[in-house]
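For reference, the structure discussed in these notes is given below.
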Amino acid sequence: MNFIFGPVNSRRLGRSLGIDLFSSKVCNLNCIYCEVGRTLSPVSRRGAYSSTQAIIEEIDELCADPKRLGAVDVLTVTAKGEPTLHSGLGQIIRHLKEKAGKPVAVLTNGTTLMDEDVRQALMAADIVVPSLDAARLESFCKVDRPVEGMDLEAVISGLTLFSHAYAGKIWLEILLVQEMNDAPEDIEALIAVLRRMRLDRIQLNTVVRPPAEEYARSLSQDRLAAIAALLHKELALPVDLPFVAADEMVAGQSANALPVPDSASVAALIDEVKQMVQRRPCTAIDIDRTFHLGGPEKVEQLLEPLVRSGILQQQEHGGSRYYQQAS
C-alpha cells in the first residue's frame with residue numbers, strides 16, 4: 001500500500017494504523033526538529049497533493065481485511081508534512097468513519113485551523129492532536145520556521161476557536177527544543193494562551209529522534225518534568241511525557257515473538273519495515289515493538305543486508321541508533 005502503513009505501537013494511541021496522505025513531504029513549516037527532514041519547498045495553500053480516490057481505495061482494501069483491521073485500536077491520519085493541507089481531508093475522514101468502525105485520530109501542526117473548511121473537515125474525527133510549540137513569535141520562527149506570511153496570532157486564534165467548537169478529544173502537543181523555546185517567558189506565554197482553549201490533555205515532548213537540524217537539542221528529563229508539573233498546576237490538565245523506561249524491553253527478548261517466517265513473508269516484512277522507517281527514523285526496539293521479531297538483535301540481523309547495500313542507513317542520536325531511509 002502507498003498510503004496506509006502499520007500498525008505501529010504508539011505511546012499515545014495504542015496500536016495505530018497510519019494513513020499518510022502524501023507520498024513526499026508537503027508542509028507549511030520547516031521545523032528544526034522534524035524527523036522527516038527539511039521542508040524543501042514550503043507551501044501555504046491547500047490542494048490535491050495526492051489522489052483522494054487512491055487513498056479511499058486503499059481504505060476499502062483495508063476494510064476488506066478484517067484480521068488487519070481488527071488488530072488496531074485507532075486509525076491515525078497523518079502525513080509527511082501537514083495533513084490538513086490536503087483538500088480531500090474531510091472526505092477521507094468521513095470515509096474512514098463510515099467504513100472502518102474504528103476511532104479516527106488526526107495529527108496536525110495546528111497552523112490551518114483559522115480556515116473554516118479545515119475546522120469542518122476535522123469535526124468527524126474522534127481525536128485531534130494539534131501542535132503549538134511556542135506562543136512568542138521569536139521562538140515560533142526559530143523552532144517551526146513557518147512559510148512566509150504565516151500569522152502566529154491567527155494560528156492561536158484558529159486553535160482556540162476550534163477547541164471550543166469541536167466535540168471530540170483534543171490532545172495538544174508541545175515540543176520543546178533546548179535554548180530555543182524553553183525559556184521561562186516561553187512557558188509563561190504558552191500557559192497564557194492555553195488558558196483560553198478547551199483541551200483534554202497535553203503531550204509534552206522534546207527532540208527524541210534524529211532531527212532535521214543537528215543543533216536541535218533535547219531537554220533533560222528533569223527539565224521536562226519540571227515544565228510538565230508547572231503546566232499541570234496552572235492548567236489543571238494531565239500532561240504526558242515522552243520517555244519510556246529503559247528496562248521496558250530486555251535486549252534479545254520479546255514476549256510476543258513470532259515464528260521465523262518463510263522467504264516470501266520475510267520479503268513482505270522487510271517492505272513494511274522500509275515503509276515504517278521512511279516515515280520516521282526508528283530504533284531496533286521501535287521496530288520490534290511493532291513486528292515482534294524476537295528482540296532488537298533479531299531486527300538488526302534482518303536489516304543488516306539493507307544497511308550494507310545502502311537501502312537503509314543508520315544514524316546515532318541521543319545515545320540510540322536509528323534506522324532511516326538512505327538519503
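For reference, positions follow the sequence shown, starting with 1. Predicted, not measured: the structure shown is a model, and the values here were computed from it.
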Could you go step by step and tell me if His317 and Val207 meet the side-chain contact (heavy atoms from CB on, under 4.5 Å) rule? CA-CA 10 Å; His317 179 76; Val207 183; 3.8 Å; yes
Does Asp126 form a salt bridge (charged side-chain N to carboxylate O under 4.0 Å, His left out) with Lys102? I'd like the steps, not just the answer. CA-CA 9 Å; Asp126 299 282; Lys102 294 278 185 176; over 6 Å; no
The test is side-chain contact (heavy atoms from CB on, under 4.5 Å); show your working for Leu62 and Leu69 and say whether it passes. CA-CA 7 Å; Leu62 165 70; Leu69 186 60; 4.2 Å; yes
Can you check side-chain contact (heavy atoms from CB on, under 4.5 Å) on Arg68 and Leu17, steps first, answer last? CA-CA 9 Å; Arg68 187 178 187 189; Leu17 194 72; 3.9 Å; yes
Hey, mind stepping through Gln178 and Tyr215 against side-chain contact (heavy atoms from CB on, under 4.5 Å) and telling me if it holds? CA-CA 9 Å; Gln178 189 180 143; Tyr215 60 80; over 6 Å; no
Salt bridge (charged side-chain N to carboxylate O under 4.0 Å, His left out) between Arg209 and Asp286, intermediate numbers included: CA-CA 11 Å; Arg209 300 178 188 278; Asp286 292 332; 2.9 Å; yes
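Within a 6.0 Å sphere centred on CD of Glu116, other residues, nucleotides and ligands contribute 12 heavy atoms or fewer. At most 12 heavy atoms of other shown residues, nucleotides or ligands fall within 6.0 angstrom of atom NZ in Lys169. No more than 12 heavy atoms of other residues, nucleotides or ligands shown are found within 6.0 angstrom of CD on Glu214.
Nearest heavy-atom pair across Gly88 and Thr52 is CA-OG1, 3.6 Å. Arg46 approaches Asp115 most closely through the heavy-atom pair CD-OD2, 3.9 Å. Scanning all heavy atoms of the two residues, the minimum distance from Leu107 to Pro83 falls at O-CG, 2.9 Å. Pairing each heavy atom of Glu82 with each of Asn109, the nearest pair is OE1-N, 2.6 Å. In terms of heavy atoms, Ala79 sits closest to Asp20 at CA-OD1, 3.2 Å. The shortest heavy-atom contact between Ser16 and Ser10 is CB-CB, 4.1 Å.
Note that OG of Ser50 is 10.0 Å distant from CG of Asn2, once rounded to the nearest 0.5 Å. To the nearest 0.5 angstrom, His95 atom NE2 is 6.5 Å from Cys63 atom SG. Rounding to the nearest 0.5 Å places CD of Gln314 at 13.0 Å from OH of Tyr322. Between Ile202 atom CD1 and Leu237 atom CG the span is 5.0 Å, to the nearest 0.5 Å. Taken from OH in Tyr166 to CG in Asp200, the straight-line distance is 9.0 Å, to the nearest 0.5 Å. With rounding to the nearest 0.5 Å, the separation of CG in Asp288 from CD in Glu300 is 10.0 Å.
Checked options Asn205, Thr206, Asp133; the residue passing with Tyr33 is Asp133 (criterion: side-chain hydrogen bond (donor to acceptor under 3.5 Å, both in side chains)). Partner of Thr84 under the side-chain hydrogen bond (donor to acceptor under 3.5 Å, both in side chains) criterion, chosen from Thr111, Thr112, Asn28: Thr112.
Side-chain atoms of Asn181 come within 3.5 Å of backbone N or O of Leu175 as a donor-acceptor pair. Counting only distance, with no hydrogens or angles, the side chain of Asp73 and the backbone of Arg15 share a donor-acceptor pair below 3.5 Å. Counting only distance, with no hydrogens or angles, the side chain of Arg198 and the backbone of Ser163 share a donor-acceptor pair below 3.5 Å. A donor-acceptor distance shorter than 3.5 angstrom exists from the side chain of Glu58 to the backbone of Phe3, with no hydrogens or angles considered. Side-chain N or O atoms of Arg119 include none that pairs as donor or acceptor with a backbone N or O of Ala165 at under 3.5 Å. Remark: the backbone N or O of Thr283 is not paired with any side-chain donor or acceptor of Arg321 at under 3.5 angstrom. Listed for the Asp144 side chain is no donor-acceptor partner under 3.5 Å among the backbone atoms of Cys141.
Between Ile187 and Leu176, some side-chain heavy-atom pair lies under the 4.5 Å cut-off. Residues Met197 and Ile156 are in side-chain contact: their nearest non-hydrogen atoms beyond the backbone lie under 4.5 Å apart. Using a 4.5 Å heavy-atom threshold, the side chains of Ser51 and Glu57 count as separate.
Here Arg308 pairs with Glu304 in a salt bridge; the nearest charged N to carboxylate O distance falls below 4.0 Å.
Leu159 and Val106 fall within the same hydrophobic cluster, defined by Ile, Leu, Val, Met, Phe, Trp and Tyr side-chain heavy atoms under 4.5 Å apart, directly or through other members.
In this pair, Tyr49 and Phe22 present their aromatic rings perpendicular. The plane angle is above 60°, beyond the 30 to 60° band.
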